[in-house]
Amino acid sequence: QVQLVESGGGLVQAGGSLRLSCVASVRSFSTSSVGWFRQYPGKEREFVAGFFRNNGRTYYDDSVKGRFTISRDNAKNSVFLQMNSLKPEDTAVYYCALDQRLILSSLRLPAQYDYWGQGTQVTVSS
């Protein structure tokens, strides 16, 4: 049974920083695609950042480029999201997700991921 556990959410003032962590209990983590998504109340989950398994490259939504950085530590089966210059519109529940088969064109599509964490709340006050 694959489990993803996020941590690191919280309350921060606008302009501040948070670092989210996600630990995965899965074999072959290093060859998995991993992504961070966020969800606003009443909305669908949307892509924030991700690693594609085949080329190891990172991808970002335009709204977070230059502010957020995704990284991974394969030795610890972990993926991180460093969030800087946070804005009130970044307030959402953040989820990490993992899949071992998806193709590049599916990286930003939440429905293509098999495994999800429980989510962590990020609140940015103005």
Side-chain angles (χ1 to χ4, degrees):
Q1 181 73 15
V2 175
Q3 287 189 322
L4 304 178
V5 179
E6 300 110 335
S7 60
L11 173 64
V12 65
Q13 288 188 333
S17 299
L18 283 174
R19 185 176 189 241
L20 305 184
S21 301
C22 174
V23 180
S25 61
V26 64
R27 292 183 179 180
S28 303
F29 175 81
S30 62
T31 57
S32 301
S33 294
V34 289
W36 285 99
F37 291 77
R38 63 187 177 189
Q39 188 169 23
Y40 301 108
K43 301 290 187 180
E44 298 291 321
R45 291 181 189 179
E46 60 181 46
F47 177 80
V48 175
F51 273 101
F52 180 56
R53 61 188 180 89
N54 281 1
N55 60 17
R57 292 178 61 182
T58 56
Y59 299 82
Y60 295 92
D61 183 74
D62 286 345
S63 65
V64 305
K65 278 182 182 176
R67 300 189 299 123
F68 291 11
T69 302
I70 188 172
S71 61
R72 66 194 295 169
D73 183 342
N74 290 332
K76 297 182 179 180
N77 276 22
S78 296
V79 61
F80 308 98
L81 186 67
Q82 178 66 44
M83 305 186 294
N84 298 329
S85 302
L86 282 161
K87 304 175 181 179
E89 52 264 43
D90 294 318
T91 296
V93 178
Y94 285 71
Y95 297 88
C96 66
L98 181 146
D99 198 273
Q100 296 175 312
R101 299 171 297 174
L102 59 76
I103 59 177
L104 181 57
S105 60
S106 298
L107 186 69
R108 299 169 186 264
L109 304 178
Q112 299 300 313
Y113 286 76
D114 283 341
Y115 306 110
W116 290 86
Q118 82 285 0
T120 186
Q121 175 71 45
V122 171
T123 303
V124 184
S125 63
S126 56

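What you see is a predicted model; the values in this text were computed from it and never measured. Only heavy atoms go into these numbers, but all of them, side chains included; no hydrogens, no water, no symmetry mates. Position 1 is the first residue of the sequence, and the numbers go up from there.
Counting only heavy atoms from C-beta outward, the side chains of Tyr40 and Val93 never approach each other to under 4.5 Å. Between Leu102 and Leu107 there is a side-chain heavy-atom pair separated by less than 4.5 Å. Within the 4.5 Å cutoff, the side chain of Gln100 has heavy atoms near those of the Ser28 side chain. Counting heavy atoms from C-beta outward, Val124 and Lys87 have side chains that stay 4.5 Å or more apart. Side-chain contact check for Tyr115 versus Ser32: every heavy-atom pair is 4.5 Å or farther apart.
Phe37 and Tyr113 have their aromatic ring centers within a separation under 6.0 angstrom.
Closest approach of Leu20 to Gly9, counting heavy atoms only: CD2-N, 3.6 Å. The heavy-atom pair separating Val64 from Val48 by the smallest distance is CG2-O, 3.5 Å. Closest of all the heavy-atom pairs between Ser126 and Ala14 is CA-CB, 4.4 Å. Of all heavy-atom pairs spanning Thr69 and Tyr60, the tightest one is CA-OH, 3.4 Å.
To the nearest 0.5 angstrom, Ser33 atom OG is 11.0 Å from Asp114 atom CG. A distance of 12.5 Å separates CG of Asn77 from CD of Gln3, quoted to the nearest 0.5 Å. Rounding to the nearest 0.5 Å gives a distance of 5.5 Å between CG of Leu4 and CG of Leu98. Here CD of Glu46 is found 6.5 Å from OG of Ser63. Values are rounded to the nearest 0.5 Å. Expressed to the nearest 0.5 Å, how far CH2 of Trp36 lies from OG1 of Thr120 amounts to 7.5 Å. Here the straight-line distance linking atom OG of Ser71 with atom CG of Leu81 works out to 8.5 Å at 0.5 Å rounding.
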Review point. Under the side chain to side chain contact (heavy atoms under 4.5 Å, CB included) criterion, do Ile70 and Val79 qualify, and how do the steps go?
Key: CA-CA 7 Å; Ile70 188 172; Val79 61; 3.8 Å; yes
Point to revise | Check against side chain to side chain contact (heavy atoms under 4.5 Å, CB included), Leu86 and Leu18 | key: CA-CA 8 Å; Leu86 282 161; Leu18 283 174; 4.2 Å; yes
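Gln112 meets the side-chain hydrogen bond (donor to acceptor under 3.5 Å, both in side chains) test with no other residue; sequence neighbours excluded.
Cation-pi contact between Arg72 and Phe80: absent, since separation from the ring centre below 6.0 Å together with deviation from the ring axis within 45° is not met.
Sequence neighbours left out, the pairs with a member in residues 57-71 that pass salt bridge (Lys or Arg N to Asp or Glu O under 4.0 Å) are Asp62-Lys65, Arg67-Asp90.
Relative ring orientation between Phe68 and Tyr94 is described as tilted, the plane-to-plane angle lying within the 30° to 60° band.
Applying the side chain to side chain contact (heavy atoms under 4.5 Å, CB included) test between Tyr95 and each of Gln39, Arg38, Gln118 identifies Gln39 as the sole match.
Note on Val2 and Val23: separate hydrophobic clusters, where clusters join Ile, Leu, Val, Met, Phe, Trp and Tyr whose side-chain heavy atoms are under 4.5 Å apart, directly or indirectly. Residue Trp116 is not grouped with residue Val122 when hydrophobic side chains (ILVMFWY) are merged at heavy-atom distances under 4.5 angstrom, including chains of intermediate members. In this structure, Phe51 is a member of the same hydrophobic cluster as Val26, with clusters built from ILVMFWY side-chain heavy atoms closer than 4.5 Å.
Between the side chains of Glu89 and Thr91, no donor-acceptor pair of N or O atoms lies under 3.5 Å. Side-chain atoms of Ser17 and Asn84 form a donor-acceptor pair, as typed in the model, at a separation below 3.5 Å.
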